[in-house]
Visitor: 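Below is one structure. I have some questions about it.
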Amino acid sequence: MKLKDNFYQKVYDVVKKVPFGMVTTYGTIAEHLGAKKSSRLVGYAMNLSHNNIEIPAHRVVNRNGLLTGKHHFNGKDLMQKLLESEGHEIINNQIVNFEKVLWKPKHTSK
DNA sequence: ATTCTGACGTGGG
DNA sequence: CCCCACGCCAGAA
């Protein structure tokens, strides 16, 4: 049981599926899992999984496209650097054209 | 065990 | 537009 385990598992899986040059949001993932209200869990799951270098957590931002979790990386603007390296433009900790690089699960073709 | 906080999001006043 | 509260789960003090 423990559907929550499945929940985290899905979060990791989805995040790892995020293609290069694309980003996603906690709310989008949570909604995809059918727990939009548990958007916090997604962020929390990231925190637990941030040990898993295989998970591009830097591609996950809040619904505002704001790099809310950039402080949780190497403690520097590593998150911003990574995003910029992938072709994103960050201004004031916010992703430019965020909606244009926003990637959604099961809607990859775009 | 209890209390607070945290990578969020939505709604109400 | 700004502030507060609720929902969700887990870890730390």
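Convention: sequence-line order gives letters A, B, ...; per-chain numbering from 1. Note that this is a predicted model, so its numbers are computed, not measured.
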Visitor: Strictly by salt bridge (charged side-chain N to carboxylate O under 4.0 Å, His left out), give each pair with a member in residues 64-73 of chain A just once, sequence neighbours left out.
Guide: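 Checked against salt bridge (charged side-chain N to carboxylate O under 4.0 Å, His left out) - neighbours excluded - the pairs reaching residues 64-73 of chain A are A:K70-A:D77.
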Visitor: Under the rule for side-chain hydrogen bond (donor to acceptor under 3.5 Å, both in side chains), what residues qualify as partners of A:D13, not counting sequence neighbours?
Guide: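 side-chain hydrogen bond (donor to acceptor under 3.5 Å, both in side chains) check on A:D13 returns A:K17.
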Visitor: Nucleotide by nucleotide, 5' to 3', does protein get under 4.0 Å of the base (B), only the sugar-phosphate (S), or neither (-) in nucleotides 1-6 of chain C, counting heavy atoms?
Guide: ------
Visitor: Do nucleotides 3-10 of chain B as a string where each nucleotide becomes B, S or -: B if the base has a protein heavy atom under 4.0 Å, S if just the sugar-phosphate does, - if no protein is that close.
Guide: ---BBBSS
Visitor: Please give the distance between the C1' atoms of C:dC2 and B:dA7 as a whole number of Å.
Guide: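 Straight-line distance between the two C1' atoms is 23 Å.
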Visitor: List the atom pairs, donor and acceptor, that lie under 3.5 Å between side-chain atoms in residues 28-38 of chain A and the rest of the protein, sequence neighbours left out.
Guide:
from: A:T28; atom 1: OG1; to: A:T25; atom 2: OG1; distance (Å): 2.5

Visitor: Kindly state each residue pair satisfying salt bridge (charged side-chain N to carboxylate O under 4.0 Å, His left out) with at least one member in residues 44-54 of chain A, sequence neighbours excluded.
Guide: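 For residues 44-54 of chain A: none.
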Visitor: With rounding to the closest Å, how many angstrom separate the P atoms on B:dG6 and C:dC4?
Guide: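 Approximately 15 Å lies between the P atom of B:dG6 and that of C:dC4.
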Visitor: Say we look at B:dT5 and C:dA5: how far apart would their P atoms be, to the nearest angstrom?
Guide: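 It works out to 13 Å between them.
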Visitor: With sequence neighbours excluded, what pairs up with A:I53 under the side chain to side chain contact (heavy atoms under 4.5 Å, CB included) test?
Guide: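 For A:I53, no residue satisfies side chain to side chain contact (heavy atoms under 4.5 Å, CB included) once neighbours in sequence are set aside.
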Visitor: How would you list, by chain and number, every residue that makes a salt bridge (Lys or Arg N to Asp or Glu O under 4.0 Å) with A:K16, sequence neighbours excluded?
Guide: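 Applying salt bridge (Lys or Arg N to Asp or Glu O under 4.0 Å) to A:K16 gives none.
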Visitor: Using the side chain to side chain contact (heavy atoms under 4.5 Å, CB included) criterion, which residues pair with A:N52? Sequence neighbours excluded.
Guide: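 By the side chain to side chain contact (heavy atoms under 4.5 Å, CB included) rule, A:N52 matches A:S49, A:I55.
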Visitor: Name the atoms and distances for all side-chain donor-acceptor pairs under 3.5 Å in residues 57-69 of chain A, with sequence neighbours left out.
Guide:
from: A:H58; atom 1: NE2; to: A:E86; atom 2: OE2; distance (Å): 3.0
from: A:R59; atom 1: NE; to: A:E86; atom 2: OE1; distance (Å): 3.0
from: A:R59; atom 1: NE; to: A:E86; atom 2: OE2; distance (Å): 3.0
from: A:R59; atom 1: NH1; to: A:V18; atom 2: O; distance (Å): 3.0
from: A:R59; atom 1: NH2; to: A:E86; atom 2: OE2; distance (Å): 2.9
from: A:N62; atom 1: OD1; to: A:N64; atom 2: N; distance (Å): 3.2
from: A:N62; atom 1: OD1; to: A:G65; atom 2: N; distance (Å): 3.1
from: A:N62; atom 1: OD1; to: A:L66; atom 2: N; distance (Å): 2.7

Visitor: Starting at CD of A:E84, measure out to CE of A:M79 and round the result to the nearest 0.5 Å.
Guide: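 CE of A:M79 is found 12.0 Å from CD of A:E84.
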Visitor: Among residues 81-92 of chain A, which residues get a heavy atom nearer than 4.0 Å to DNA chain C?
Guide: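 Heavy-atom cutoff 4.0 Å gives no residues at all.
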Visitor: Pair A:Y8, A:L41 - check side chain to side chain contact (heavy atoms under 4.5 Å, CB included), show working.
Guide: CA-CA 8 Å; A:Y8 290 118; A:L41 283 310; 3.6 Å; yes
